[in-house]
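Worksheet: the structure to be examined is printed underneath.
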Amino acid sequence: MSLEERYNAPAVEAKWRTAWDDAKLFETDNDDPREKYYVLEMFPYPSGRIHMGHVRNYAMGDVVARYRRAKGFNVLHPMGWDAFGMPAENAAMQRGIHPGKWTYDNIAIMRTQLKSMGLSLDWSREFATCDVEYYHQQQRLFLAFLEAGLVTRAMGRVNWDPVDRTVLANEQVIDGRGWRSGALVEQRELPQWFFKITDYAEDLMDALGTLDRWPEKVRLMQRNWIGRSEGLKMRFEYDGEAPDGSGALTVFTTRPDTIFGASFMAVAAQHPLAKALADRADVAAFIAECDRLGTSAIDIEKAEKQGFDTGLRVKHPFVEGRTLPVYIANFILMDYGTGAIFGCPAHDQRDLDFARKYGLPVRPVVRPTDADDTFGVGTEAYTGTGALFNSAFLDGLSIAAAKAKVADALEEKTLDAAPQGERAVNFRLRDWGISRQRYWGCPIPVIHCETCGIVPVPEADLPVKLPEDVTFDTPGNPLDRHEGFVNVMCPQCGNPARRETDTMDTFVDSSWYFARFTAPDADKPIEPKVMEDWLPVDQYIGGVEHAIMHLLYSRFFMRAVEKAGYGARPEPFAGLFTQGMVTHETYKDQAGNWLFPEEVVLKDGPPRHAKTGEPIIVGAIESMSKSKRNVVDPDDIIANYGADTARWFMLSDTPPERDIEWTDAGVEAAHRFVQRLWRLINEAKTRFDRPGTGDGTTLQKAAHAAVRDISADIEALHFNRAVARLYELANALQKGLADDVPGAILKDAVSKMVVCFAPMMPHLAEECWTLIGQEGFAAAAPWPAFDEALLVEDTVTLPVQVNGKRRAEVTVEKDAAKDAIEAIVLALPEVHKFTGGKPPRKVIVVPGRIVNVVA
RNA sequence: GCGGGCGUGAUGGAAUGGUAGACAUACCGGACUUAAAAUCCGGAGGCUUCGGCCGUGCGGGUUCAAGUCCCGCCGCCCGCACCA
């Protein structure tokens, strides 16, 4: 082969992918006795084509998988499809294609694309969540959860589109209107299925502390999401008759210390008390107004605090004769705490706003330590630390002490033979509503019978299959109007009954797929022993957009799986890494239309349109998106430069957790390096048998140091640094060739180098591996060893500082004594110059690092 | 508003409290070429009276030594948000 010949990546890459496939190199045996390593990237939604974000995600995962394989682990690295969801139904509505066909066609395309990346995946374990077999097993899990008491049915509020007569997801509500119909969306209460994730709120919170290989940021987000707060549940006795028949109004508070500052009570519009009063027209009108209020962030910001005085009064628990008015208020949430509060305006901003509006008393009861009795509150509530005052038996106490004292007092005090207060922990976390009124999802396997109630579909009748003959020409859930699907016999009494038509949230599908990968063909959802062997996933990689829901649901799911008897691995992901996005410049023409990068010329002159020559506007660098057209198709890059170039670029320069900017210059540079490596290794190979005339120790050391550093960098997921080390090693090899170092050293350095870049550029590595006469696959070659002793220098060069400024350097024996170094340093003319010849006040010698002379 | 993160050359970025700017891009010079591309060799933080001085968003502090630790600002990004 001529050295001038360029490396033909597309041809070479295809050849090696076939060779890997034929050798079944990446298929994993569950019975392999070696230590396991499970690496997983978040599986893709089959939207149609892969994008650069996938390339980055899977390139990273593949580096980890190939590295661990080389290190001798039994690596599991599977791939599948998160295949249920709305886009398939939208395609069906818009183009009349069945969601299943649309989905499987997309999968076929994307599978081919992923395969062209040369990922070391075990494709024999592939599945899609819309496969009947997968959702069959999911239905069995659902029934097991139901059996275990982890599933409930309750009223839940949904977005209802009155024109399309359908439930909308939050994302489908745009400015309060249905995205298709444009109709004003209403809030409706419908019976919904829920998973009881709140049963595990405490455990999900506590166990976050054990996830030490998760980003702190993600753990924090989950902590905030679960939202634990400690406080007091307290009951306020009505001053008179209560319309709902209860003797007391129960609230949850985290500030029982401020009880003497309480000046009103407020309940949510959905509170039972409000409902009990709703036969009054004015109350009903107020409730209706609250219901109309949107739940979006903007709505909330704009909304003024509004209240309705019910005329009811409750008694203050400690002040004889003081009563508090009870309001219905729009800022109280029914689904947090008890849906009712006591308002203490002086120490809560919302309560203060409310009190000012309705002319309620503002009584400060906590004051800063440097304030006196005249301490007051204007337009800003005081939420800082301090001491209690105006508070009878609490006066002078700290906030913490006062909280405890009030709790103690109310726990002793009784009302209707029960303690009036109870210490309580409240969570922000709600139960997980899994009902979706859609077709393209996993059917919930229950039957509604008038006499028997809710009846699980018997095991023998599973799976509940999605009917194929459905239409999407009318809005709403096609399952609802499919007579053959809906009308069934009750499995218990045999009378006519109605099948549940809700399907499961697609987050359910992705909450256990990683467990299914361990035994994808098992005739039960999860093979407990196998799952326990493989889980937790050692390294999970994906986007930070899944930091809360997907990861929290999966953590809950594995706890539920354990309770349902399918094996105990409550924490599914031991290591989590969230990678950054892929960004690109944006371009617009004069008319303000977005332009694709290929429509734009940036070189040689001002930016202009490729066809019209019209000047264009270069916009901000933003995350790649179809709407802004700042996308680059991975297929084009792979066809032009090869997968190795694309992978190498995705791993270079930018730390993996940050956003990476895609640039043509960057791809070109990556591709030049592919070609350069090929040239260098070809050149080196011709010299393997020559004795050489130069000294090879520099190259030898560089090779060993590179192995050490690249190993550490990959293990820490610092791919950009590993890439830099490989550039250094290539530079050292080039220098070695110029210096004509011995062939044996060249060969050793090249062999090490090829295995070291194989995780990033696996095809090139195979081609080079064969070229230099190595046996077998580079992908199966063991990770090279390095000799630490070789990297220890006999002498060491230390920088010499005078007063912290670098003035000279000295080369000394590695083991030189501090005194000896000090003597040498003090004799240096550069040091004399800056000390003025005077004896130094102090000399700091850090062996192997630095010397600092303090003059 | 609350919580978190980040500010380093023209650019992406590197740097266990120990020589700031590794590595790469862009740029400049040289070799090769009729020429260009590619390739190879080399240069390069700023200022300078050529002695040095100044440099990691700004201002303080700790330390023999600070990009790194502490305090206070400024700016940008992300998450959550009427959560009692």
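Values below: all heavy atoms of this structure, side chains included; hydrogens, waters and symmetry mates excluded. Because the structure is a prediction, the values reported are computed rather than measured.
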Take atom [atom1] in [N] and the same atom in [M], then report the distance between them in whole Å.
| N | M | atom1 | result |
| --- | --- | --- | --- |
| U68(B) | U19(B) | P | 14 Å |
| U11(B) | G17(B) | P | 27 Å |
| A36(B) | A44(B) | P | 25 Å |
| C32(B) | U49(B) | C1' | 43 Å |

Under the ring pair (Phe, Tyr, Trp, His ring centres under 6.0 Å) test against Trp432(A), which residue among Phe194(A), Tyr553(A), Phe507(A) passes?
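Considering Phe194(A), Tyr553(A), Phe507(A), a ring pair (Phe, Tyr, Trp, His ring centres under 6.0 Å) with Trp432(A) is found only for Tyr553(A).
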
With a 3.5 Å limit on both atom pairs, tell me what [N] is paired to, counting Watson-Crick and G-U wobble, or say none.
| N | answer |
| --- | --- |
| C6(B) | G75(B) |
| U49(B) | none |
| G1(B) | C80(B) |
| C23(B) | G12(B) |

Nearest-angstrom distance from the residue atom [atom1] of [X] to [atom2] of [N]:
| X | N | atom1 | atom2 | answer |
| --- | --- | --- | --- | --- |
| Glu668(A) | G12(B) | CD | P | 20 Å |
| Phe342(A) | C82(B) | CZ | P | 21 Å |
| Gln801(A) | G18(B) | CD | P | 11 Å |
| Leu249(A) | A84(B) | CG | P | 18 Å |
| Leu552(A) | C80(B) | CG | P | 13 Å |
| Tyr7(A) | A38(B) | OH | C1' | 19 Å |

Over 60° means perpendicular and under 30° means parallel, so classify the ring planes of Trp678(A) and Tyr7(A), tilted if in between.
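Rings of Tyr7(A) and Trp678(A): tilted, as their planes differ by 30° to 60°.
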
What orientation do Phe673(A) and Trp648(A) show, parallel under 30°, tilted 30 to 60°, or perpendicular over 60°?
parallel

What contact category does Lys833(A) fall into here, base, sugar-phosphate, or nothing, at under 4.0 angstrom with non-hydrogen atoms?
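Lys833(A): backbone/sugar contact only, no base atoms under 4.0 Å.
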
Sugar-phosphate only, base, or nothing, as touched by Arg672(A) at under 4.0 Å among non-hydrogen atoms:
sugar-phosphate

Both Asn720(A) and Leu798(A) contact RNA chain B. Taking the nearest nucleotide for each, which residue is further toward the 5' end?
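Per heavy-atom nearest nucleotide, the more 5' residue is Asn720(A).
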
